[in-house]
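Some notes on the structure that comes next.
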Amino acid sequence: MHLTRVGLTDVRSYDRAEVRLEPGVTLFLGANAQGKTNLVEAVLRAAIGSSHRVSGDQALVRRDHDLGVIRLEARTDNGRRRTLDVEIGSGRRTRTRVDGNDVTRAADAAGVVKVVMFAPEDVAVIRGDPGERRRFLDDLLGQRRPAYVSTRSDYDRVLRQRNQLLKQARGLSGSSAEAAVATLESWTRQLVHHGATLMAARLAAVHALSGIVRDTYHDVADRPEPVTMAYESSTGRTVQADPGAGVPDPAPLAEELRAALAEVADEERRRGITLVGPHRDDLVLAIDDLPARTHASQGEAWSLALALRVATHDVLAEVGDRPLVILDDVFAELDLTRRRRLADRCDHWDQVLVTAAVESDVPLRAAHVVEVTMRDRVSSLSPRGEVAEESA
Amino acid sequence: MLYEGAVQDLIDELGRLPGIGPKSAQRVAFHLLQVDADEANRLATAITTVKETVRFCARCFNISEAEECQVCRDTRRDPTVLCVVEEPRDLIAIERTREYRGRYHVLGGAISPIDGVGPDDLHVRELIARLDDEGVQEVILATNPNVEGEATASYLSRLVQPLGVAVTRLASGLPVGGDLDYADEVTLARSFTGRRAVD
Ligand SMILES: [Zn+2]
């Protein structure tokens, strides 16, 4: 799929801006802090429900304004027009419209615009805490199948309820403690059910990614060391990725979760918190059998992060539309060889939005160049070769 | 800021209503200040009347204007089947389908530790008592299809099944995460015919 138009109203440094887009490479060119990353961040927020820079929506709204609007228009691989409008504001609920209709659940907007972004922040997926890698897997799976988003939010809700119950029961004794624990099983059942579904999906994703990550790393990093992936479950089991493996059956995973939960039951009661489940799992990446989290050099971490995103594109493309790709401030960080290898990749993608400060850093024949400039703290977008549109 | 006496009292009372935050309470209060006395009195009377004449059915905890509600008083209803719902509005939604001929039991909510609601805060004990007293043979769990409704259904099924009463759960097809009374009537009617045994 590709975006045909992005419209921003009071988002970050934009008051009112609009840009029309076409398939192929579009280069957003501008000096630092002019608003390039603000633009792609807004696209990511609308498409996948979170931004790569901040966790809260509040920071996305233009300073001293109450409401920001992000509008994406896209065309699917079979020519269907889709629109996504996201209104974010201070102290109010986000309002999302898909094809003009209000939606209330995050799952309804998931996957409408499929996008893969690679940015300097991605190094955190390699070197950051396990939460970064869980989020990487969850973002991928949510775009692949909207049902994953529903399961994930049900799981989170069950987890909150279960933790609350464990915390309440901790202060009780005798019959009131027994009464509280009588309902624990109802939450454990759902935790196991939704948890096994999440685990099966994540394992399938890890298997599917592994072969592509390994090959891409070789190609991009130009290094011979093998990259391996594994899913480390809080049940104590680690599953080595196998590109040939399919989607695991959730039933044995549910058994595994249930057995592991039984083992920590006493400790859970004592600590008042759920100790086993996909909310505590990790994705282990290793280069030459050494954990990348602790051992990868900056260059290796970069190449591996890029390989993960390339693989994400391919895995997303297996189901439904092919995603568009955003490369945010990436080329400047790479050496010449890697720049050229990344540029070769871009030829295979339907639409690529690239941000850069220096045009010569990007060895791409960009079909379109949009200049991003800031004046009086307001960013504007001017397609090269056209008369700059004055912002209203 | 705080307003003078009566106005602040009104804002405080409104703010206690479900789904009404401080800002909405303020807005409603100022709206009420501006309407004419007749309109305000109609609202006040409606509230007083409902508290005086309407109560909860002594048997099933549905809304009722008598000791027992319409459904419980209707002798043509099958007393051996009991449909368990969270709120009276869920009962109304099911009644509208005209598919169900048994009786009801209204729990008054769902288990939710976050909201401090456990089984003791719901009409669970009364439900268990009715099973024997009324010779109930089947319990249909029609709690909402969200995680709290599922937890409540799962808890009740483990409580009821050992008593030798058949337990079924409304078949899915209801909007996920939605409340029962928002379910469209066709889906709801269909889910009654397709209810499944709880494992
Ligand atoms: Zn009744």
Side-chain angles (χ1 to χ4, degrees), chain A residues 66 89-93 103-108 110 145-172 175-195 197 251 254 258 268 272-274, chain B residues 19-27 84 86 107 109-125 127-128 141 143-163 167 169 172-179 181-184 196 198-199:
Chain A
D66 291 331
S90 53
R92 70 172 88 198
R93 277 181 78 97
V103 297
T104 49
R105 300 174 314 147
D108 295 322
R145 299 253 188 234
Y148 186 88
V149 178
S150 311
T151 306
R152 175 75 226 216
S153 83
D154 279 352
Y155 180 85
D156 289 344
R157 179 88 187 159
V158 170
L159 182 65
R160 272 186 65 206
Q161 292 279 22
R162 195 174 183 276
N163 282 340
Q164 185 63 38
L165 182 63
L166 286 166
K167 205 184 292 168
Q168 286 165 2
R170 199 163 49 152
L172 301 173
S175 64
S176 28
E178 289 313 309
V181 173
T183 57
L184 184 63
E185 170 60 19
S186 305
W187 299 109
T188 304
R189 268 188 192 201
Q190 291 193 77
L191 190 85
V192 164
H193 174 76
H194 296 309
T197 308
R258 188 165 270 290
E268 284 194 334
I273 191 168
T274 300
Chain B
I20 300 199
K23 272 191 181 162
S24 308
Q26 213 169 33
R27 203 164 56 236
V84 179
E86 292 180 17
L107 292 169
I111 295 173
S112 176
I114 293 170
D115 302 305
V117 180
D120 290 348
D121 305 301
L122 307 171
H123 298 299
V124 172
R125 224 168 302 144
L127 169 68
I128 303 302
L141 299 171
T143 49
N144 290 337
N146 51 33
V147 300
E148 290 79 17
E150 285 298 335
T152 309
S154 145
Y155 174 74
L156 290 177
S157 79
R158 276 178 300 119
L159 214 56
V160 171
Q161 258 168 349
L163 306 175
V167 179
R169 176 95 172 106
S172 53
L174 297 168
V176 177
D179 287 355
D181 67 336
Y182 295 138
D184 80 65
R196 59 178 162 82
V198 178
D199 42 45

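Order of the sequence lines fixes the chain letters, A, B, ..., with proteins taken first and strands second; residue numbering starts at 1 for each chain. Computed from a predicted structure; not experimentally measured.
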Check your understanding: Do NZ/NE/NH1/NH2 and the carboxylate oxygens of A:Arg152 and A:Asp156 come within less than 4.0 Å?
Key -> yes
Scanning both residues in full, the closest heavy-atom pair of A:Arg170 with A:Gly272 reads CD-N, 3.9 Å
Check your understanding: Will you find, in the side chains of B:Thr143 and B:Arg169, an N or O donor that is under 3.5 Å from an N or O acceptor?
Key -> yes
Whatever's closer than 4.5 Å to a heavy atom in chain B on A:Glu185 counts as both
Residue from B:Asp120, B:Asp115, B:Val147 scoring the most non-hydrogen pairs under 4.5 Å with chain A is B:Val147
With sequence neighbours left out, the residues meeting side chain to side chain contact (heavy atoms under 4.5 Å, CB included) with A:Thr104 are none
Honestly, the part of A:Gln161 sitting under 4.5 Å from a heavy atom of chain B is both
